[in-house]
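Quick notes on the structure that follows.
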Amino acid sequence: MFERIAVTVISFNLLLIVASIEINLNRGWNVINANGSIELNDQTIPSGIYSALEEANRTGSVLNTYNDVNLRWIAKDNWTYTLVFDAPANANNLTTVLALHGIDTNANIYLNDLELGRTDNMFIRYRYSLKNRLKPTNNTLRVEILSPIQVAKFLADANKITPPECPPTRYNGECHMNFVRKMQSSFSWDWGLAAPSMGIWKNVQLELYQSAIIRDLTYYLDESKDMWFVHLTIHFETESENNSTAVEGNLTVEVKELLVLPINTTLSALPDENGEFSFNISFQLPKEKVQLWWPNGYGDQRLYTLVASWEGSVGRTDTNQIRNFDRKFMTSTKSIRLGFRTVELIEDPLDGGTSFYFRINKLPIFMKGTNWIPMHILPEKGADRNQLEFYFRAMKASHMNMIRVWGGGIYESDYFYDLADEHGILIWQDMMFACAMYPVFDGFLRSVKEEVKQNIRRLQSHPSIAVWAGNNENEAALRENWYGTGKDYDRFVSEYLRLYNDTIANEVYRNDKWHIWLYSSPSNGKKKSNESIIQDNPQDWHYGDIHFYTYLADGWNPNIYPRPRFVSEYGFQSIPSLASWESVQSSGDNLNDLIDHRQHFPLGNAPILDLIHKNLPAFDRNDTPYVESLIYFSQISQAMAIKTETEVYLIEQDGLMNTMGALYWQLNDVWVAPSWSSIEFNGNYKILQHYAEKFFAPISLAVVVDLTNHINVHIVRDVKSIKEDFQLTLKIYNWSSLAVKYIHTWNYTSTINKSVENIARFHLDNYLIPPLTRYNAVMEFVLTKAKDNGTTIATNFVFPTKVKDAVGIKDPKLKVTILLFSSILNSVVRQHFILHCQRFEFQLNRLHRFDGNLERQCQISNGSDWNDFKLCDNLCNNNLHERLSVSLSDTISLASTERHECKWMSSGRIFRRKSFRIKFVRFRPMSGISIERKVIHPNIRSFRYDMIAKS
């Protein structure tokens with residue numbers, strides 16, 4: 001009816017809430033192992049065996065000490081969940097369906113000792129008709145879960161060898177992950193433990209209805225100059241055993257803020273063999289009534305409420321029976337939120353290849369963000385709302401607008417995508433296939449087809465969804481012979497096409513013809529895949545997206561990095577804080593050995609140490625304290641390298657290669673271990689996360705030193721449609737003092753429609769007037785707006801020489817005293833901090849008020865001369881009172897933009913702990929920090945401090 005614009009996505013979010021009768025069967029389960037030696041009673045769903053045993057005090061946490069290996073016996077056993085329940089009234093007169101929303105993974109399902117079916121995919125919802133199978137009382141539901149390790153071995157032995165058969169020895173992992181449709185990283189990864197999970201990780205429900213229920217809604221939209229045209233598909237489910245009788249009823253669609261009157265229609269449909277049928281309905285909305293949905297930093301995330309309601313007629317039941325139950329069994333309702341926006345992937349001819357960038361609502365946008373791995377290695381713990389909110393607040397505060405959900409994890413919870421919608425975080429969504437070839441036997445492909453169908457229908461309504469990608473790195477692995485596939489290349493090409501094209505892509509297109517589809521990441525993009533799905537070089541900088549890692553070169557050097565179209569992975573490792581290690585270390589553990597055990601990267605800590613030794617003062621394993629130095633220097637080194645690399649990509653967006661995306665690897669962790677993350681498992685920010693707030697800022701300074709030793713200062717702006725007047729100030733310090741030794745300024749007026757402009761270029765030595773030299777000087781760049789009375793809007797810095805070669809670094813002899821008081825009256829906690837450094841003293845008193853589970857985060861940051869302390873978080877102005885007194889000296893060698901951050905967290909894994917942390921937003925060497933701790937109140941359950949400022 002209407003011509004649809006290619007690769008344009010105009011979306012609205014469907015919050016899938018079924019209004020028909022659902023009865024949760026989540027309480028009162030018993031769990032037993034194969035030989036009956038372990039039995040756990042009164043378990044609650046969601047549940048997993050690892051977590052159930054820990055909560056019953058039968059084992060420790062798999063996340064602690066060496067339990068990733070010590071508790072492996074759990075995953076080698078079989079476990080059975082059993083529930084005894086009574087049937088609801090009229091259950092045998094209704095369509096009564098057992099819905100298992102998530103079984104992890106291979107299980108046999110029995111009701112009253114009769115087999116209902118078998119499960120083999122944790123990403124699938126399984127439905128079993130219970131009509132006429134329920135007793136009035138004492139029904140026994142049994143879920144017999146098989147060992148994933150044994151299932152994987154059985155399937156691998158029964159089919160062709162499909163590499164990689166086993167992970168590297170250093171992973172301490174399990175083999176044949178690719179044969180089991182579960183979270184691939186649960187068998188181990190280079191950043192994660194092997195904890196092959198088993199359990200019922202999502203709800204178990206009885207669904208009761210007489211007609212049908214609305215399961216999902218999918219849609220596509222067209223637009224004209226003045227109108228949006230909405231084409232909605234409603235997907236229904238009914239009982240599969242009665243698919244010879246038509247379903248009849250009335251359907252109503254309301255958008256109260258946009259539609260004057262509801263849309264009403266009648267339908268009659270014959271279900272398929274699975275008891276499913278669909279119905280299409282279209283309507284139009286004037287554009288003048290609709291506000292657009294925008295990514296973070298570009299506008300509001302406007303969402304509208306839509307309600308779709310179904311009421312079945314009595315055509316499928318005896319009219320005498322219908323009098324015996326309420327008409328609620330004839331209805332089904334879903335509430336939805338609409339977010340109108342377009343997403344286009346632009347691949348125009350450009351410099352030996354094609355461009356690769358996203359245009360949102362017709363505006364080209366540089367994608368700033370990161371990669372997401374599962375929030376927890378145990379999937380039943382991966383949907384905690386407080387923790388998800390914490391991460392999305394962190395993303396938004398760091399000015400990110402896109403996150404890539406990596407293909408070795410899970411399709412995340414509905415709430416995850418709701419938060420993405422609300423915070424303006426676009427989602428690059430991988431299908432759950434990563435770093436492997438995969439089998440293609442018939443049962444495997446049938447399971448994958450259903451997996452893709454269910455998850456596409458569940459997720460595609462969210463305005464945050466931008467991209468579907470078929471897998472993580474599997475095209476590159478095949479083409480570059482990572483796993484020895486070259487000796488049988490034709491076979492693996494054929495199997496790759498059968499899985500990703502014939503099965504996955506076809507099912508994606510069948511259920512969602514208008515979102516962007518890419519076969520893999522990295523890839524040469526959508527256009528090139530139309531020529532050939534498997535390209536000669538999936539990492540070609542001139543096309544698509546790339547993943548870039550380097551472990552031999554100096555990551556602090558901007559000249560080593562590529563200039564690609566889009567970088568969807570890049571990163572460097574660091575080591576979590578000492579406090580994180582203390583939370584998982586047992587009394588007998590040697591911390592050095594524990595770090596080595598949890599370092600799964602095949603090269604070990606060598607790349608971390610090499611990058612440290614290239615740039616920072618030397619230390620070795622015999623130094624005291626070695627671990628603290630390693631942690632601190634690793635985090636500085638990681639932050640500096642990713643800052644440098646990100647700034648290269650930001651600058652290049654207006655360069656010849658038109659780089660238009662930088663998603664660093666990775667945001668989060670699944671345990672305490674060396675990894676590429678910017679936030680530690682317990683919620684502590686690494687230094688990198690603080691840096692990200694600056695290098696991803698809407699207006700930033702990107703500074704690089706080129707091969708000719710010229711300093712190039714660029715202003716990078718998200719919003720480029722206005723002309724602005726700026727002043728750039730160069731301040732030069734020496735390492736032994738905070739006193740400014742030299743100042744130079746440039747005035748600059750920005751150019752409209754330019755994202756990046758080089759506003760200053762000079763030779764490194766130009767302003768190093770004796771006694772300043774490359775070895776004793778530090779350069780700071782400060783950007784201010786003329787119209788805002790000189791308010792600082794961006795800063796950056798340059799070390800004229802490597803820090804390890806710098807002269808004049810002194811021990812500031814910094815000491816922090818922390819006092820906590822609490823009356824617990826009205827949930828108020830009082831804190832007092834004193835920071836001493838030679839003649840410098842900083843004091844702060846605070847009252848903290850808690851509102852339920854709300855995390856109050858207060859920050860105080862000092863200006864470049866330590867004279868201007870500012871409250872950086874508006875939360876501090878709500879129910880919080882501050883008194884501040886400062887005395888200072890100009891001769892102290894301290895970082896000029898340290899952040900003193902107090903985080904109070906009230907519930908859950910992250911929010912249980914209270915912490916005072918000193919994080920260095922900008923590095924200048926520190927040493928000799930001692931922290932004196934005094935906790936004065938018995939009701940303060942735990943108190944933690946990070947001591948990372950060691951050199």
Side-chain angles (χ1 to χ4, degrees), residues 550 552-561 572 608-620 629 632-648 651 687 691 694-695 701-714 728-744 760-782 795-812 864 891-898 920-927 949-951:
T550 178
L552 299 177
D554 181 3
W556 293 33
N557 179 1
N559 301 296
I560 70 167
Y561 294 111
F572 293 85
I608 293 176
L609 294 169
D610 182 65
L611 194 57
I612 291 172
H613 293 156
K614 279 183 167 73
N615 293 283
L616 295 169
F619 69 102
D620 60 44
S629 298
Y632 180 46
F633 277 11
S634 77
Q635 291 200 18
I636 293 171
S637 193
Q638 176 199 39
M640 282 295 300
I642 293 182
K643 168 188 177 294
T644 301
E645 186 170 0
T646 303
E647 289 177 353
V648 168
I651 291 169
I687 298 174
Y691 272 42
K694 298 191 71 173
F695 60 62
L701 287 175
V703 183
V704 298
V705 181
D706 63 25
L707 291 171
T708 64
N709 280 327
H710 281 79
I711 294 176
N712 296 269
V713 184
H714 300 80
L728 176 69
T729 301
L730 166 64
K731 298 180 180 181
I732 303 181
Y733 306 83
N734 63 31
W735 283 105
S736 60
S737 171
L738 283 180
V740 177
K741 304 300 182 182
Y742 182 85
I743 292 181
H744 186 83
R761 185 175 189 271
F762 58 90
H763 193 275
L764 188 63
D765 296 324
N766 274 14
Y767 301 107
L768 294 178
I769 300 171
L772 292 173
T773 70
R774 293 188 184 186
Y775 297 98
N776 67 9
V778 179
M779 295 181 174
E780 179 185 28
F781 296 91
V782 180
T795 63
N796 209 327
F797 56 92
V798 167
F799 302 137
T801 190
K802 292 181 182 293
V803 175
K804 68 177 183 178
D805 299 325
V807 175
I809 299 175
K810 294 182 179 180
D811 182 354
S864 60
T891 62
I892 302 161
S893 176
L894 286 175
S896 63
T897 55
E898 280 151 328
F920 295 92
V921 179
R922 179 161 42 129
F923 169 72
R924 291 187 190 171
M926 308 290 296
S927 64
K950 284 280 187 180
S951 64

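What you see is a predicted model, and the numbers here were worked out from it, not measured in a lab.
For the pair V704 and N712, the minimum side-chain heavy-atom distance is below 4.5 Å. With contacts defined as side-chain heavy-atom distances shorter than 4.5 Å, the pair I636/V803 does not qualify. The side-chain heavy atoms of I612 and F619, taken from C-beta on, include a pair separated by under 4.5 Å. A heavy-atom distance below 4.5 Å is not found between the side chains of F799 and N615. Using a 4.5 Å heavy-atom threshold, the side chains of W556 and K614 count as separate. Proximity of E647 to N796: side-chain heavy atoms (C-beta onward) are separated by under 4.5 Å at one or more points. The closest side-chain heavy-atom distance from I687 to Q638 is not below 4.5 Å. The shortest distance between side-chain heavy atoms of S634 and F572 does not fall below 4.5 Å.
Under a cutoff of 6.0 Å and an axis angle of 45°, K643 and F797 form a cation-pi pair.
Partner of V705 under the side chain to side chain contact (heavy atoms under 4.5 Å, CB included) criterion, chosen from T708, N709, L707, V703: N709. Of the candidates T795, T729, V798, V798 is the only one forming a side chain to side chain contact (heavy atoms under 4.5 Å, CB included) with F781. The one candidate from D610, I560, N559, L611 that meets the side chain to side chain contact (heavy atoms under 4.5 Å, CB included) condition with D554 is L611.
Going from atom CG of L768 over to atom OG1 of T773 covers 7.0 Å, rounded to the nearest 0.5 Å. With rounding to the nearest 0.5 Å, the separation of CE in M779 from CZ in R774 is 9.0 Å. Taking OH of Y691 as the start and CD1 of I642 as the end, the distance is 11.5 Å to the nearest 0.5 Å. Going from atom NE2 of H763 over to atom CD1 of I711 covers 9.0 Å, rounded to the nearest 0.5 Å. In this structure, Y742 OH and K731 NZ are separated by 14.5 Å, a value rounded to the nearest 0.5 Å. The distance from atom CG of N557 to atom CE of M640, rounded to the nearest 0.5 Å, is 11.0 Å.
Residue pairs meeting the salt bridge (charged side-chain N to carboxylate O under 4.0 Å, His left out) criterion with at least one member in residues 703-714, sequence neighbours excluded, are D706-R761.
Here the shortest heavy-atom pairing between A777 and W735 reads O-NE1, 3.7 Å. Of all the heavy atoms in Y733 and L772, the pair that sits closest is O-CD2, 4.2 Å. Residues L728 and A760 share a closest heavy-atom pair of CD2-CB, 3.8 Å.
Judged by distance alone, the side chain of K804 and the main-chain N or O of H613 form a donor-acceptor pair under 3.5 Å. Proximity of a side-chain donor or acceptor of N776 to a complementary backbone N or O of P771 within less than 3.5 Å is detected. The closest donor-acceptor contact from the side chain of Y561 to the backbone of G555 lies under 3.5 Å.
With a 6.0 Å radius and a threshold of 12 heavy atoms from other residues, nucleotides or ligands, L552 has its CG atom at or below the threshold.
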